[in-house]
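Chain identifiers are assigned alphabetically (A, B, ...) following the order of the sequence lines, protein sequences preceding nucleic acid strands; residue numbering begins at 1 within each chain.
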Amino acid sequence: MDVSPILDPLNEAQRDAVSASVGNTLVLAGAGSGKTRVLVHRIAWLLTVEEATPWSVLAVTFTNKAAKEMRGRIEELLGQPIGGMWVGTFHGLAHRLLRAHWKEAGLPQSFQILDSDDQFRMIKRILKSLDLDDAKWPPRQVQWFINGKKDEGLRAQHLDDGGDPYQHQMIRIYTEYQAACERGGMVDFAELLLRAHELWRDRADILQHYQARFRHVLVDEFQDTNAIQYAWLRLLTRGQDNLFVVGDDDQSIYGWRGAQVENIRNFEQNCSNSRMFKLEQNYRSTGNILNAANALIGNNPSRLGKQLWTADGEGDPINLYSAFNEVDEARFVIERIRQFISDGNSRSESAILYRTSAQSRIFEEALVQSAIPYRVYGGLRFFERAEIRDAMAYLRLLNNPDDDAAFERAVNMPPRGIGPKTVDAVRAHARDFNVSLWVATAELLKGGAMPRRAANSLQGFLDLVEELRIDTAALDLPEKVEQVLAASRLPEHFEKSRDGKGQDRKENLEELVNATRQFGYEAHADEEMDELSSFLSHAALEAGEAQGDPFEDCVQLMTLHSAKGLEFPLVFLVGVEEGLFPHSMSADDPERLEEERRLCYVGVTRAMQTLYMSHAESRRLHGQENYPRPSRFLREIPSSLMREIRSGPQVTQPLYSKPARAYTDESVGFSLGQRVIHPKFGEGVVLNAEGQGRSARVQVNFETEGSKWLVVAYANLSPC
DNA sequence: GATTTAGACATTTTT
DNA sequence: TGTCTAAATC
């Protein structure tokens, strides 16, 4: 058998991992070391050398994008489709299991997926029905609590309040929420995983079937698994030693949402007969960038340990820019990007990475001003748009009239004279008789106690949905959607709204028809669901691409979290300041501080050729002027790898933020932005000056001591 | 039922 | 300081 296409493109470490005998295997894959490649080639190896059938392979990822990429690359390598293989996200695969075993999982056959927004609204409704003030019990916090518990595999009945009234109330809300989900046949994201786990845990026969089927289980980004995902994998592979996982403990940046680094750190202790392979050769970045990354991450005490290296050259040093303030920082970055572009590079080869999404605004303004196209990652995605959700609500009602979330959304959208009072009456009836909003409406109308106007509107709504269901029953999906849209009158409603977005919204609705057509072309035949339910699940599980034309050549703006897995020739890591990065919310806890450092490591290793890091001496945050010190992460990178870029005095002038002011105040003797040294406080930058003669004072931002006002006559400052 | 205004609040996000 | 939500008003 010729295995050369599988092994030849690999380096030695990769080859060892790919060709390892079947057994529990951990591949510790550093940034840019060919992680996906190993996974893909390993599967190809199993299918050829180990003679595994596609049927016997399960490969799990976290995002739909990663799943799609993996499938595509395997098929490309093998030159044939891999039909029977299960490749998907944890949630997608759990969903598939639950569809196949809905009865055993205790779900109605027509169960619906509740996405985050539906879940949020559902929680708000529960709070209202429990008569709880949502100022005191913020729905976001409740959502966080419930999902957190589910991610740990805990149901409300497992929880103990320990006498704490806060916990007690949260558990009560959790209980009510779960009951409401069950009444409506709703399953939220975390519930998918939890149910799938319980299914296998409680039904030995079903578990055995899958254990017998999946002889090979592979996991991508293993450091991001949470407790329930891990438990699910352990059940499936129990006693089989067939778990092959790839990940990097140094890139674990989702601890805050339940990911457990311990899963990868303790892999060898937890799994029998396990081996570890380290991939340390990096194919992405220059030597200087890797050395910086290695030095930085070396400050984290608890690691599995690994050193990235490259066979290529050292490259340029890392550029460090100390901006006067955040405006100057943006100005500097955009200026460098402009140069980069005029040197003949494309805009999409450059990226601006920041810790918090609020930081994007100032860069966007500067880019707009320079007329440079850009794209911000992580906005609203297609199926999250209000108009799309409105239209989907009608489709959901066709599928299942008891879908309360859909009912609430559609009942007065477009407005048809069903106000909050009317809806409240329906809600009250639904609660009292423990029925869905749809049934409650029908009952109220039959009772005849409704005011005439409201009754007419409600009847009209019920009739509309009912007629649509009958009329479109035989149509295929795109036609169905087209007819539903027309009957809902949503397009007209958006069209006549004149907030400038009306046309866009109407076009998005047309795009929805396209999406259903596209969906029809893709293979979803193996599922035993009708086309509409299948599409609804798809919409919930895969929210689609974010806005923005991905084909246009744009400067890329994103948070460090969303940059994981990407690479760019030119990277700007901005706002590298204490309080912002590491973020003040993480500063007190050593574990979270380590995660911040890993985040910085992720950021640094995104850069292929050139990396700029910048911090500002002064930054406006929440309307307040701050004088942050440079981040400790900057000090953790050896200065021999860095090149400081000093701005000339002409650029220290804040461009638009402050009224023009003299640079050099002769009476003070120092200029703004100038670097000075103080015998006790060390080096710093002059931020501000006031007064004259003996009372003249300057504000200096010291690297170690922070910002201080000093009287020039006594301070013994000297330029440096 | 749309538009205006006041108030809260401000890590990171995929499914 | 800017954004988002909810109440208040036309």
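Comparing Leu599(A) and Ala190(A) against DNA chain B, the residue whose closest nucleotide sits nearer the 5' end is Leu599(A). Map Glu595(A) and Ala540(A) each onto its nearest nucleotide of DNA chain B; the residue landing nearer the 5' end is Glu595(A).
Residue contacts for Gln229(A): at a heavy-atom cut-off of 4.0 Å it reaches no nucleic acid atom on any strand shown. The residue Gly419(A) sits apart from the nucleic acid: no heavy atom pair falls under 4.0 Å. Nucleic acid contact for Ser584(A): none, since no nucleic acid atom lies under 4.0 Å from a heavy atom of the residue. Across all strands, Arg257(A) comes closer than 4.0 Å to base atoms (heavy-atom distances). At the heavy-atom level, Asn64(A) lies under 4.0 Å from the strands shown only through sugar-phosphate atoms.
Regarding Trp256(A), its CH2 atom lies at a distance of 8 Å from the P atom of dT12(B), rounded to whole Å. Taking atom CZ on Arg121(A) and atom C1' on dT5(C), their separation rounds to 12 Å, with Å as the unit. Counting to the nearest Å, the P atom of dT14(B) and the CZ atom of Phe62(A) are 13 Å from each other. The separation between Asn412(A) atom CG and dA2(B) atom C1' is 13 Å, rounded to whole Å. Atom CD in Gln359(A) sits roughly 11 Å away from atom C1' in dT12(B) (whole-Å rounding). Summarising the geometry, the separation between CZ on Phe120(A) and P on dT13(B) is reported as 17 Å, rounded to the nearest angstrom. Rounded to an integer number of Å, the gap from CG of Leu621(A) to P of dT3(C) is 14 Å. Distance Leu380(A) CG to dT3(C) C1': 14 Å, rounded to the nearest Å.
For Tyr254(A), whose side chain is taken as the heavy atoms from C-beta onward, the closest listed nucleotide among dT3(C), dT11(B), dT13(B) is dT13(B). Side-chain proximity of Arg620(A) to dT15(B), dT1(C), dT11(B): nearest is dT1(C). If you check dT15(B), dA10(B), dT12(B) against the side chain of Arg355(A), the one that comes closest is dT12(B). When the nucleotides dA2(B), dT12(B), dT15(B) are ranked by their closest atom to the side chain of Ser357(A), dT12(B) comes out on top. Between dT14(B), dT13(B), dT11(B), one nucleotide has an atom nearer to the side chain of Thr356(A) than all others, and that is dT11(B). Side-chain proximity of His493(A) to dA2(B), dG1(B), dT13(B): nearest is dA2(B). Listed nucleotides dT3(C), dT11(B), dA10(B) differ in distance to His622(A); the shortest reach to its side chain belongs to dA10(B).
When atom types are taken as modelled, the side chain of Arg73(A) and the backbone of Thr36(A) share no donor-acceptor pair closer than 3.5 angstrom.
In this model, the phosphate group of dT11(B) is approached by a side-chain N or O of His583(A) to a distance below 4.0 Å at OP1 or OP2. Not one side-chain nitrogen or oxygen of Thr559(A) sits closer than 4.0 Å to the OP1 or OP2 atom of dT11(B). Residue Lys124(A) places at least one side-chain N or O under 4.0 Å from the OP1 or OP2 atom of dA6(C).
A cation-pi contact, defined as under 6.0 Å to the ring centre and within 45° of the axis, links Arg375(A) to Tyr377(A). A cation-pi geometry, defined here as NZ or CZ lying under 6.0 Å from the six-membered ring centre and within 45° of its normal, does not hold between Arg396(A) and Phe407(A).
Separating the C1' atom of dT14(B) from that of dT3(C) is a span of 23 Å, rounded to the nearest Å. To the nearest whole angstrom, the two P atoms, one in dT13(B) and one in dC4(C), are 15 Å apart.
Side-chain contact between Gln359(A) and Glu326(A): absent, with no pair of heavy atoms (C-beta onward) separated by less than 4.5 Å. Looking at Lys35(A) and Asp248(A), their side chains never come closer than 4.5 Å, going by heavy atoms from C-beta outward.
Under the Watson-Crick or G-U wobble criterion, with both distances below 3.5 Å, dT12(B) has no partner in any strand shown.
Nucleotide dT11(B) carries a syn base; the chi torsion (O4'-C1'-N9-C4 or O4'-C1'-N1-C2) is within 90° of 0.
Applying the 5.5 angstrom centroid cut-off and the 30 degree plane-angle cut-off, the aromatic ring of Phe189(A) is not stacked upon the base of dT14(B). Judged by ring centres under 5.5 Å apart and planes tilted less than 30 degrees, His91(A) fails to stack against the six-membered base ring of dT15(B).
Checked against the 6.0 Å centroid threshold, Phe214(A) and Trp86(A) count as a close aromatic pair.
Summarising the local packing, CZ of Arg489(A) is surrounded by 12 or fewer heavy atoms from other residues, nucleotides or ligands at distances under 6.0 Å.
Residue-to-nucleotide contacts include a donor-acceptor pair under 3.5 Å from the side chain of Ser116(A) to the base of dT15(B).
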